[in-house]
Amino acid sequence: MQDEQSTRHVSRMQQIVLQWDYFKLTNKGTPKRKLRSVPEKFESMEDYMSVFEPLVLEECCAQLTRGESQDDFSSVPHGAVVMDFEKAHNFHFTSFGLEMGKCKNYHENDLVLVSKLKP
């Protein structure tokens, strides 16, 4: 039961992050969320999630906007070709083909901005 609950929660968090508009985040900064302090003990799993989910989302948003200001591989656009596409569980699973040597910089579950236009 706990694994199923954890899986649903991760999927929910992924859906929240994937709904964010990257260009609005980088132009306006991170949205201000009300964050609770972390207690020494939690009453329930729901209590734990209600404290940590906003903290994790805030950190994720900060990482995304911080990545925009860094001059490294992650902020350099790369051309790609869609190789395969599948929709399942409210997600789009897409496989891309990249230039030789570019693939080694990507890892499973990396968050990648896909755009028709250069950002």
Side-chain angles (χ1 to χ4, degrees):
M1 174 70 173
Q2 191 151 349
D3 284 342
E4 182 181 320
Q5 191 175 27
S6 297
T7 301
R8 276 198 316 265
H9 183 71
V10 168
S11 177
R12 191 172 91 75
M13 288 183 62
Q14 289 170 333
Q15 288 176 342
I16 290 169
V17 171
L18 293 173
Q19 289 176 8
W20 290 346
D21 184 321
Y22 174 77
F23 297 108
K24 285 183 183 176
L25 286 178
T26 56
N27 289 334
K28 295 181 181 178
T30 59
K32 301 300 176 212
R33 294 177 181 82
K34 185 174 178 165
L35 303 174
R36 291 175 42 196
S37 59
V38 178
E40 288 187 32
K41 187 175 181 179
F42 295 95
E43 300 296 322
S44 65
M45 178 66 135
E46 289 79 19
D47 186 33
Y48 175 86
M49 295 302 214
S50 72
V51 170
F52 276 101
E53 180 181 84
L55 292 170
V56 170
L57 291 172
E58 186 71 20
E59 178 61 23
C60 183
C61 189
Q63 289 288 331
L64 284 173
T65 56
R66 186 173 26 248
E68 173 65 18
S69 63
Q70 294 176 348
D71 187 28
D72 64 278
F73 176 83
S74 64
S75 62
V76 177
H78 299 285
V81 176
V82 175
M83 304 297 284
D84 190 28
F85 173 87
E86 176 185 350
K87 184 175 181 178
H89 310 290
N90 294 322
F91 287 97
H92 293 108
F93 295 91
T94 309
S95 297
F96 294 96
L98 296 170
E99 298 173 28
M100 291 292 279
K102 303 291 184 195
C103 293
K104 67 181 180 196
N105 297 305
Y106 291 96
H107 307 283
E108 189 171 342
N109 292 321
D110 278 355
L111 184 60
V112 177
L113 174 64
V114 178
S115 175
K116 289 182 181 181
L117 306 171
K118 287 186 179 181

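Position 1 is the first residue of the sequence, and the numbers go up from there.
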Contacts of Ser50 that satisfy side-chain hydrogen bond (donor to acceptor under 3.5 Å, both in side chains) - sequence neighbours left out:
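Ser50 satisfies side-chain hydrogen bond (donor to acceptor under 3.5 Å, both in side chains) with Arg36 once adjacent residues are dropped.
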Measuring from atom [atom1] of [X] to atom [atom2] of [Y], what distance do you get when rounded to the nearest 0.5 angstrom?
X	Y	atom1	atom2	value
Leu55	Leu35	CG	CG	5.5 Å
Ser95	Glu86	OG	CD	9.0 Å
Asp84	Phe93	CG	CZ	11.5 Å
Gln63	Glu59	CD	CD	4.5 Å
Asp47	Met45	CG	CE	11.5 Å

Parallel, tilted or perpendicular, as decided by the 30° and 60° cut-offs, for the rings of Phe52 and Phe42:
tilted
Who pairs with Phe85 by ring pair (Phe, Tyr, Trp, His ring centres under 6.0 Å), at least two apart in sequence or on another chain?
His92
Can you find a pair of side-chain heavy atoms, one from Glu46 and one from Ser44, that are under 4.5 Å apart?
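Yes. Closest side-chain heavy atoms under 4.5 Å.
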Going by heavy atoms in the side chains, are Val38 and Tyr48 under 4.5 Å from each other?
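Side chain of Val38 against side chain of Tyr48, heavy atoms only: no contact under 4.5 Å found.
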For Val51 and Ser37, work out which heavy atoms get closest and say how close.
CG1-O, 4.2 Å
Where is the tightest heavy-atom contact between Cys61 and Leu25, given as atom of each residue plus distance?
SG-CD2, 3.6 Å
Assess the residue pair Val82 and Phe96 against the criterion (side-chain contact (heavy atoms from CB on, under 4.5 Å)); give the C-alpha distance rounded to whole Å, side-chain angles, the decisive distance to 0.1 Å, and a yes or no.
CA-CA 5 Å; Val82 175; Phe96 294 96; 3.7 Å; yes
